[in-house]
Amino acid sequence: MNVEAQAIEAKKASKKLMVLSTEEKNEALIHLADFLEKEYETILTANEKDLENGREKGFSEAFMDRLSLSKERVEDFAKGLREVAKLDDPTGSILSDWTLENGLQVEKVTVPLGVIGMIYEARPNVTVDATGLALKSGNAIILKGGSSAINSNQAIVDVMHKGLAETKIPSEAVQFIASTDRAATNQLFTMKEHVDVLIPRGGGKLIQAVVENATVPVLETGVGNCHIYVDKDANVEKAINILVNAKTDRPAVCNAAETLVVHKDWLERNSEALVDALQKNNISVHGDEHVMTVIPGAVLAGEEDWANEYLSTDIAVKSVDDITEAIAHIETYGTKHSEAIVTEDKKASRTFLNLVDAAALYHNASTRFTDGSALGFGAEIGISTQKLHARGPMGLPALTTIKFLMKGDGQIR
């Protein structure tokens, strides 16, 4: 089946989805969760083919971590679907209502977007997360994963199709583009008559390619060059714990810290504790000239380091004289994803939270919380760094739009 035919099937299925009850959608999601757990061996067998290809091509450790599946990770997929089933249905809500002087009744209600095109790289979990959120919000979805995970994604979708066949949701509501031909992706970019929105999730090059070439509206997600700013009045224990967690908990994810911006006064007072934490956690430092005099083993950072999303245990370290310089550095090199300040100075925290332009801002907490699951959204479709429609972790409400419903009794204008 070609891409256009798949999009047409998805559009038809979306009409059937729109009339299903919340209970019918929830039952389908729970059934899918059970089916994924039952068929996990099928998925892992397919995943091993992708891992073998990755090893042959010399993919990085971080890339292989994103690609790799296990029984536990498949169980996490299922858990995510069950969590989504527990969430409130975002469709059919009356956001506001009023009656005009002529008696015409007006309602502003939430409705599904329709058909979502999801374009992503080596993260098989996105196949399940995106599908669960799309179906719960009444949307059909067309999945276009990266070639590196094609066997895993195909197996996951095949399992979900078998599961959906036993529910009220038509299996055609989940389409997977198995072709690795770039022409197939380009075709998806331009089918405005069948696809309502595109959501790219992956590296900067992928996202930029979608934004620059798509004629279908794009919900833009962003790469994560996230910063931890340690102010002069930061508590030492808090600062180090937050930094280590944000850098090492899962270095290959978009909400991991890539740059430490540190006040020179704090650095001078607490360099011993900082160096000890960096060494214990095998964090490699790329620092400015001042940092190199304080942190043994640091290498001189170049311009590319300040903008780099390492996705590893490397970190860039920038020393600053004050919070104004810190904010200026973040504004220059940040990706408007997640930024944090560690300080006991309330005025400094207010300044940082008010002036830094990002989707998620933290005071005395790790950037690792920029995640739909961590914030109680259930699974997450991506982190939006744009300002229109949705921003930050995108859960169910981001996959809806609105309609105005007018009810009258013969009114004319």
Side-chain angles (χ1 to χ4, degrees), residues 1-20 90-92 95 108-121 126-127 129-147 150 153 157 169-222 380-391 394-405:
M1 188 184 297
N2 64 37
V3 176
E4 184 174 17
Q6 288 182 280
I8 291 171
E9 288 294 313
K11 195 74 170 180
K12 291 178 182 176
S14 72
K15 303 300 182 184
K16 297 177 182 178
L17 261 173
M18 287 179 180
V19 298
L20 294 182
T91 63
L95 301 178
K108 180 182 178 181
V109 301
T110 56
V111 295
L113 289 167
V115 177
I116 296 168
M118 189 76 195
I119 304 165
Y120 53 107
E121 294 176 319
V126 176
T127 303
D129 291 351
T131 297
L133 289 168
L135 297 182
K136 176 63 181 267
S137 54
N139 296 287
I141 190 164
I142 303 172
L143 300 157
K144 180 63 178 75
S147 59
I150 192 164
N153 289 331
V157 172
I169 293 179
S171 58
E172 293 82 5
V174 182
Q175 298 287 336
F176 176 67
I177 299 175
S179 173
T180 58
D181 189 342
R182 185 168 293 181
T185 306
N186 291 337
Q187 190 176 6
L188 181 61
F189 287 178
T190 57
M191 293 191 298
K192 290 180 69 174
E193 67 273 30
H194 307 307
V195 181
D196 295 285
V197 65
L198 292 176
I199 303 177
R201 182 169 173 179
K205 290 182 179 178
L206 169 70
I207 295 166
Q208 199 61 32
V210 176
V211 171
E212 290 178 354
N213 295 295
T215 58
V216 177
V218 177
L219 258 176
E220 184 178 351
T221 62
E380 162 204 300
I381 202 83
I383 309 292
S384 171
T385 54
Q386 64 180 28
K387 297 184 180 181
L388 297 179
H389 181 76
R391 199 178 196 202
M394 294 187 290
L396 291 170
L399 302 183
T400 64
T401 184
I402 58 170
K403 275 185 180 177
F404 287 89
L405 306 181

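The model shown is predicted, which means the values in this text are computed figures rather than measured ones. Below, all heavy atoms of this structure are taken into account, side chains as well, without hydrogens, waters or symmetry copies.
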Gap separating the [atom1] atom of [X] from the [atom2] atom of [Y], nearest 0.5 angstrom:
X	Y	atom1	atom2	value
Thr185	Leu198	OG1	CG	10.5 Å
His389	Thr400	NE2	OG1	6.0 Å
Ile8	Glu193	CD1	CD	8.0 Å
Glu4	His194	CD	NE2	4.5 Å

Please say which of Leu188, Ile207, Ile199 ends up in a side chain to side chain contact (heavy atoms under 4.5 Å, CB included) with Ile119.
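Of Leu188, Ile207, Ile199, side chain to side chain contact (heavy atoms under 4.5 Å, CB included) with Ile119 is met by Leu188 alone.
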
Over 12 non-hydrogen atoms of neighbours within 6.0 angstrom of CG in Leu95:
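Atom CG in Leu95 is packed in, count exceeds 12.
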
Does [X] reach the main-chain N or O of [Y] with its side chain, forming a donor-acceptor pair under 3.5 Å?
X	Y	answer
Asp129	Ile381	no
Asp181	Ala184	no
Thr91	Thr110	no

Once side-chain hydrogen bond (donor to acceptor under 3.5 Å, both in side chains) is applied, do any residues pair with [X], and if so which ones, sequence neighbours excluded?
X	answer
Glu9	none
Lys192	none
Gln208	Glu212

Lys403: partners by side-chain contact (heavy atoms from CB on, under 4.5 Å), with sequence neighbours left out
Val109, Val111, Leu405

Sequence neighbours left out, what passes side-chain contact (heavy atoms from CB on, under 4.5 Å) with Thr180? Give chain and number order.
Ser147, Ile150

Tell me the closest heavy-atom pair linking [X] and [Y], and the distance in Å.
X	Y	result
Ile169	Ala173	CG2-CB, 4.2 Å
Leu388	Gln386	O-NE2, 2.9 Å
Met191	Ala7	CE-CB, 3.6 Å
Pro112	Met18	CG-CG, 4.1 Å
Leu206	Tyr120	CD2-CA, 4.0 Å
Pro90	Leu396	CG-CB, 3.7 Å

Could you tabulate the donor-acceptor pairs under 3.5 Å formed by side-chain atoms of residues 214-222, not counting sequence neighbours?
{"unit_1": "Thr221", "atom_1": "OG1", "unit_2": "Pro200", "atom_2": "O", "d": "2.3"}

For Lys108, salt bridge (charged side-chain N to carboxylate O under 4.0 Å, His left out) partners two or more places apart
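With sequence neighbours excluded, Lys108 shows a salt bridge (charged side-chain N to carboxylate O under 4.0 Å, His left out) to no residue whatsoever.
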
Return a table of donor-acceptor pairs under 3.5 angstrom between the side chains of residues 130-144 and protein atoms on other chains or two or more places apart.
{"unit_1": "Thr131", "atom_1": "OG1", "unit_2": "Thr127", "atom_2": "O", "d": "2.6"}
{"unit_1": "Lys136", "atom_1": "NZ", "unit_2": "Asn26", "atom_2": "OD1", "d": "3.0"}
{"unit_1": "Lys136", "atom_1": "NZ", "unit_2": "Val84", "atom_2": "O", "d": "2.9"}
{"unit_1": "Lys136", "atom_1": "NZ", "unit_2": "Ala85", "atom_2": "O", "d": "3.2"}
{"unit_1": "Lys136", "atom_1": "NZ", "unit_2": "Leu87", "atom_2": "O", "d": "2.5"}
{"unit_1": "Ser137", "atom_1": "OG", "unit_2": "Leu133", "atom_2": "O", "d": "2.7"}
{"unit_1": "Ser137", "atom_1": "OG", "unit_2": "Ala134", "atom_2": "O", "d": "3.1"}
{"unit_1": "Ser137", "atom_1": "OG", "unit_2": "Asn139", "atom_2": "ND2", "d": "2.8"}
{"unit_1": "Asn139", "atom_1": "OD1", "unit_2": "Leu113", "atom_2": "N", "d": "2.8"}
{"unit_1": "Asn139", "atom_1": "OD1", "unit_2": "Gly114", "atom_2": "N", "d": "2.6"}
{"unit_1": "Asn139", "atom_1": "ND2", "unit_2": "Ser137", "atom_2": "O", "d": "3.4"}
{"unit_1": "Asn139", "atom_1": "ND2", "unit_2": "Leu399", "atom_2": "O", "d": "3.0"}
{"unit_1": "Lys144", "atom_1": "NZ", "unit_2": "Ser179", "atom_2": "O", "d": "3.4"}

